[in-house]
2 protein chains.
Amino acid sequence: MRGPYEVEPAVTVPAADSRALPHPVREEIRLEGILHALSDPLRLQIVSRLAEAGQELSCSCFDLPVSKSTTTHHFRVLREAGVVRQVYRGTAKMNDLRRDDLDTLFPGLIDSVLDAAARQAARTATG
Amino acid sequence: MRGPYEVEPAVTVPAADSRALPHPVREEIRLEGILHALSDPLRLQIVSRLAEAGQELSCSCFDLPVSKSTTTHHFRVLREAGVVRQVYRGTAKMNDLRRDDLDTLFPGLIDSVLDAAARQAARTATG
DNA sequence: AAACTAGTACGATAGACCTCGTACTACGGC
DNA sequence: GCCGTAGTACGAGGTCTATCGTACTAGTTT
């Protein structure tokens with residue numbers, strides 16, 4: 001319903017929501033949901049890698065020991081819990097930790113869990 | 001295999017394990033297990049109350065909105081995950097947060113989760 | 001010994017969860 | 001337009017989870 005004199009939308013903006021994915025807004029994020037999402041070894045590993053990277057990573061660069069559909073499932077759980085933000089970029093689906101929202105809602109929580117995961121990994125490797 | 005000249009075990013010790021409950025030793029406690037145990041609203045509530053009390057509490061003083069058998073189930077999950085320590089005292093079964101072990105294994109983790117739980121509770125009550 | 005209290009054990013049920021394979025869609029490059 | 005790559009959708013299987021009720025055990029109290 002654009003009038004004849006309106007400009008075309010800027011090319012950088014509308015491409016973003018052509019295939020938008022549903023995310024909970026900050027206020028909808030529940031602690032129980034976060035803890036449940038992180039209680040799976042694979043998902044904990046994903047989040048650790050994501051935090052370590054400090055930038056968007058595609059689903060495919062994780063090389064998890066499960067099928068593609070299972071991988072999709074785990075990323076969806078993380079997104080629906082509000083732990084990660086997902087956007088399409090071409091054929092890839094990029095994933096990003098929602099640090100801003102999580103740290104605002106629950107200061108220190110994610111860092112503690114990530115630290116705990118790192119400690120456990122070190123303990124397992126060394127022991 | 002006690003020899004004829006050995007003394008009887010002290011009476012204060014053996015009474016303790018007459019009805020001992022299986023607990024994971026510190027090294028067996030897994031982060032995923034903790035997070036899973038705390039991802040249930042009822043169990044998170046139990047642990048919050050326990051931390052707040054700072055002392056042993058019996059199962060019955062929690063007054064949870066579920067049946068007795070379900071209550072038993074939740075406390076067992078917490079014990080098997082290594083989150084709480086349980087001992088019998090007469091007819092009561094006392095519960096205690098395993099702060100020492102948890103803080104040693106994963107410093108700051110429990111405090112962060114408890115803080116997060118408190119924030120969420122405050123947010124829900126106020127909002 | 002009888003009654004009461006606290007919690008367990010067991011079996012059942014319903015729902016959630018992890019996993020998979022197959023068939024499909026969307027985008028990018030040739 | 002065609003093919004390859006990235007990921008989805010759907011349905012199914014098997015396991016795990018939360019819940020319950022009923023019947024039971026172990027102390028405590030009277």
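All chains are named by letter (A, B, ...) in the order of the sequence lines, taking the proteins before the strands, and each is independently numbered beginning at 1. Keep in mind that the numbers below use all heavy atoms, side chains included, and drop hydrogens, waters and symmetry copies. Computed from a predicted model, the values in this text were never measured in an experiment.
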Taking the side chain as C-beta and beyond, is there a heavy-atom pair between [X] and [Y] under 4.5 Å?
X     : Y     : value
A:Q86 : A:C59 : yes
B:R76 : B:L21 : no
B:E80 : B:P22 : no

Rounded to the Å, how far apart are [X] [atom1] and [N] [atom2]?
X     : N      : atom1 : atom2 : result
B:D63 : C:dG7  : CG    : P     : 12 Å
A:L21 : C:dA26 : CG    : C1'   : 13 Å
A:I46 : D:dG7  : CD1   : P     : 12 Å
B:E56 : C:dG7  : CD    : P     : 12 Å
B:L64 : D:dA18 : CG    : C1'   : 13 Å

Would you list the pairs meeting salt bridge (Lys or Arg N to Asp or Glu O under 4.0 Å) in which at least one residue belongs to residues 54-70 of chain A, sequence neighbours left out?
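Counting only pairs at least two positions apart or across chains, the salt bridge (Lys or Arg N to Asp or Glu O under 4.0 Å) contacts touching residues 54-70 of chain A are A:E56-A:R89.
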Show every donor-acceptor pair shorter than 3.5 Å between a side-chain atom in residues 47-55 of chain A and any protein atom, with sequence neighbours excluded, or say none if there are none.
| residue | atom | partner | partner atom | Å |
| --- | --- | --- | --- | --- |
| A:S48 | OG | A:L44 | O | 2.9 |
| A:R49 | NH2 | A:C61 | O | 3.4 |

Close approaches to DNA chain C from residues 30-43 of chain A, in residue order (heavy atom, under 4.0 Å)
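Contacting residues: A:H36, A:D40, A:R43.
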Looking only at heavy atoms, which two atoms of B:A81 and B:I34 are closest? And how far apart?
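Shortest heavy-atom contact: O-CG1, 4.1 Å.
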Name every donor-acceptor pair, under 3.5 Å, that has one atom in a side chain of residues 102-113 of chain B and the other anywhere in the protein, sequence neighbours excluded.
| residue | atom | partner | partner atom | Å |
| --- | --- | --- | --- | --- |
| B:D103 | OD2 | B:R99 | NH1 | 3.4 |
| B:T104 | OG1 | B:D100 | O | 2.7 |
| B:D111 | OD1 | B:R99 | NH1 | 3.4 |
| B:D111 | OD1 | B:R99 | NH2 | 2.9 |
| B:S112 | OG | A:S112 | OG | 2.6 |
| B:S112 | OG | B:G108 | O | 2.9 |

What residues form a side-chain contact (heavy atoms from CB on, under 4.5 Å) with B:P41, not counting sequence neighbours?
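Here the qualifying residues are A:E32.
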List in numerical order all residues of residues 65-90 of chain B for which some heavy atom is under 4.0 Å away from an atom belonging to DNA chain D.
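The stretch gives B:V66, B:S67, B:S69, B:T70, B:H73, B:H74, B:G90 as the residues lying under 4.0 Å from the strand, ordered by number.
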